[in-house]
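To start, the structure under review is shown below, and the notes come after it.
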Amino acid sequence: MSKMQPVRGTHDLLPDEYRRFAHVIDTAREVARLYGYREMATPIFEFTELFARGIGETTDVVSKEMYTFQDRGGESLTLRPEYTAGICRAFVSNGELAQQLPLKLFAAGPMFRYERPQKGRQRQFHQIDLEVLGAPEPGADIEVISVAADILDRLGILGRCVLKLNSLGDPESRTAYRKVLVDYYSAHTARLSEDSRDRLQRNPLRILDSKDEGDKAINADAPSFSDHLNQASRDFFKQVQDGLAAAGVPFEIDPALVRGLDYYTHTAFEFVTTHIGAQGTVLGGGRYDGLIAELGGPPTAGIGWAGGIERLVMLANEPAPLPRPVAIAPLGPAAEAKALGIARTLRRAGIAVEQDYRGNMKRRMQRANKLNARAAIILGDDELAKGVAQVKDLDSGAQHEVALDKLAEALKS
RNA sequence: GCGGCCGUAGCUCAGUUGGUUAGAGCGCUAGAUUGUGAUUCUAGAUGUCGCCGGUUCAAAUCCGGUCGGCCGCCCCA
């Protein structure tokens with residue numbers, strides 16, 4: 001670490017990049033607001049047990065990717081690897097929230113996963129997150145997906161994404177299907193890839209979207225989930241599909257879409273793109289009706305999604321340019337003092353004003369240019385005596401005299 | 001965790017089969033101007049060649065290790 005590097009898998013968000021980052025969050029926040037979602041935040045670390053119980057002990061996220069440490073009091077804490085568990089915990093911790101159902105929430109913040117870094121996959125990364133608690137109806141699924149589609153649309157990403165949709169069924173369907181699948185693959189275990197043999201133990205549904213050619217051949221004849229959904233699950237999935245069609249959100253059914261976190265039931269979905277390499281999932285989520293009860297809360301349905309901000313930034317259009325400032329260029333101590341007051345008056349009128357801390361005329365004009373100022377206010381002793389300033393339009397080069405008390409008016413817009 | 005590619009000024013990159021003071025463009029700084037920027041001209045500075053060690057008379061160049069980035073797998077957002 002001789003040359004001061006950031007920790008592996010972390011990076012600094014410098015001002016130019018941060019603007020694009022904030023643009024994604026601001027856009028998401030605004031769209032969420034239109035749908036009636038309220039923003040909140042939870043701590044970035046929680047008791048380790050929360051994630052172990054909520055996400056599932058055998059998932060990759062919990063078993064090998066968490067930043068877990070003991071604090072000075074001996075508690076085992078973990079930097080959150082995702083947002084949903086923390087939000088559900090907050091729901092259980094704060095009884096008042098149970099009186100506000102359905103609870104529609106938006107959140108954004110950093111997440112931590114110990115993974116091999118790559119573009120679009122950092123150890124500290126950031127997500128926007130949307131959740132609805134206390135709504136078992138398919139209408140919530142439809143709404144939550146619509147919000148996501150609208151956010152992606154505003155960011156200029158929707159056209160380069162495909163929405164993939166699947167149903168994992170209710171717990172009854174899921175366990176039944178899981179058993180059928182395990183039986184099927186167990187009969188072919190000799191021909192399965194090593195990865196998939198492992199998956200057979202931990203999460204057999206995952207074998208369905210294996211990229212291994214041998215596995216794909218076996219998958220071709222694998223029993224399909226849709227044939228094993230019970231009537232209730234089937235009806236639910238149908239309603240979600242019909243609702244999305246009615247809302248005008250295009251989607252594709254992907255029977256191989258399985259999410260890696262244990263808590264999902266019924267609807268699972270992902271917006272994926274082929275434009276940013278292997279880390280193609282830009283936003284994904286699903287329904288988790290059993291999670292809150294699992295955490296010891298009152299049985300409460302839940303559905304939501306998370307979107308990777310870094311991945312969204314790579315695809316999003318540029319944020320609108322900032323309003324250009326005006327630069328004030330005083331010459332001499334008297335003018336410099338006077339400029340302080342003028343600058344403040346203009347700022348209070350809503351005009352962005354840049355005032356250099358030092359420098360002669362040339363330097364101040366150069367700075368004004370670098371700051372992309374639209375105009376310069378030139379204030380020397382001559383102007384001071386007359387109660388005026390020279391206002392120079394930096395695009396046209398035109399310059400004219402303006403009375404000091406008319407400056408705000410002259411520089412409006 | 002597995003396999004592979006890469007690491008030279010602030011940025012994008014050159015750098016012959018190891019050979020003397022390591023280069024270009026952009027950017028940066030200063031001057032051409034006494035109260036006027038961006039354009040133009042001139043001059044200047046860029047740097048532990050990621051880091052540590054090894055081979056060699058000699059390493060940016062070859063070898064090993066390490067740190068970091070990237071690609072694929074795994075997994076996920």
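Chain identifiers are assigned alphabetically (A, B, ...) following the order of the sequence lines, protein sequences preceding nucleic acid strands; residue numbering begins at 1 within each chain. Computed from a predicted structure; not experimentally measured. All values below come from the heavy atoms of this structure, side chains included, with hydrogens, waters and symmetry mates left out.
Without hydrogens or angle criteria, Asp215(A) side chain to Ser193(A) main chain gives a donor-acceptor distance under 3.5 Å. Looking only at distances, no side-chain donor or acceptor of Arg311(A) sits under 3.5 Å from a matching main-chain atom of Ile276(A).
Contacts with RNA chain B (heavy atom under 4.0 Å) in residues 123-133 of chain A: Phe125(A), Gln127(A), listed by number.
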Problem set entry | Footprint string (nucleotides 27-43 of chain B, 5' to 3'): B base within contact, S backbone only, - free, heavy atoms under 4.0 Å | -SS-----BBBS-----

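You won't find any donor-acceptor pair under 3.5 Å spanning the side chain of Arg116(A) and the base of C73(B), going by distance alone.
The residue from Lys370(A), Arg364(A), Arg367(A) that alone fulfils the salt bridge (Lys or Arg N to Asp or Glu O under 4.0 Å) condition with Asp356(A) is Arg367(A). The side-chain contact (heavy atoms from CB on, under 4.5 Å) test with Val249(A) singles out one residue from Ile142(A), Leu163(A), Leu158(A), and that residue is Leu163(A). When each of Val313(A), Val24(A), Asp150(A), Val282(A) is tested with Leu155(A) by the rule side-chain contact (heavy atoms from CB on, under 4.5 Å), just one qualifies, namely Val24(A).
Distance noted for atom C1' between C49(B) and U40(B): 35 Å (whole Å). Across the P atoms, U29(B) and U39(B) are found 12 Å apart, a figure rounded to whole Å. Look at the C1' atom in both A58(B) and U17(B): the space between them is 15 Å, to the nearest Å. Separating the P atom of U66(B) from that of C2(B) is a span of 12 Å, rounded to the nearest Å. Comparing the C1' positions of C73(B) and U56(B) gives an interatomic distance of 40 Å, to the nearest angstrom. Taking atom P on both nucleotides, G44(B) is separated from U36(B) by 26 Å, rounded to a whole Å. The P atoms of A9(B) and G47(B) are separated by 10 Å, rounded to the nearest whole Å.
Side-chain contact check for Leu315(A) versus Leu152(A): every heavy-atom pair is 4.5 Å or farther apart. Counting heavy atoms from C-beta outward, Pro330(A) and Lys338(A) have side chains that stay 4.5 Å or more apart.
Between Gln118(A) and G69(B), a side-chain N or O to OP1/OP2 separation shorter than 4.0 Å is absent. The shortest distance between the side-chain N/O atoms of Lys64(A) and the OP1/OP2 oxygens of C75(B) is not below 4.0 Å. Between Arg311(A) and A77(B) there is no side-chain N or O to OP1 or OP2 distance below 4.0 Å.
Across the protein-nucleic acid pair, Met314(A) atom CE and C71(B) atom C1' stand 13 Å apart, rounded to whole Å. Atom CG in Asn203(A) sits roughly 11 Å away from atom C1' in C75(B) (whole-Å rounding). Remark: P of C73(B) and CD1 of Ile207(A) are 18 Å apart, rounded to the nearest angstrom. Between the P atom of G7(B) and the CZ atom of Arg8(A) lies a distance of 17 Å, rounded to the nearest Å.
A cation-pi geometry, defined here as NZ or CZ lying under 6.0 Å from the six-membered ring centre and within 45° of its normal, does not hold between Arg121(A) and Phe125(A).
Take Tyr114(A) and apply the ring-ring contact (aromatic ring centres under 6.0 Å, His included) test, not counting sequence neighbours, and it matches Tyr67(A). Listed by chain and residue number, Arg20(A) satisfy the salt bridge (Lys or Arg N to Asp or Glu O under 4.0 Å) test with Glu318(A) (two or more places apart in sequence, or in another chain). For Asp129(A), there are no salt bridge (Lys or Arg N to Asp or Glu O under 4.0 Å) partners two or more places apart in sequence or in a different chain.
Helical stems in RNA chain B, defined as runs of 3 or more consecutive Watson-Crick or G-U wobble pairs with both donor-acceptor distances under 3.5 Å, are listed by first residue as B:1-7 with B:67-73, B:10-13 with B:23-26, B:28-32 with B:40-44, B:50-54 with B:62-66.
The six-membered or imidazole ring of Tyr263(A) lies near that of Tyr288(A), with a centre-to-centre distance under 6.0 Å.
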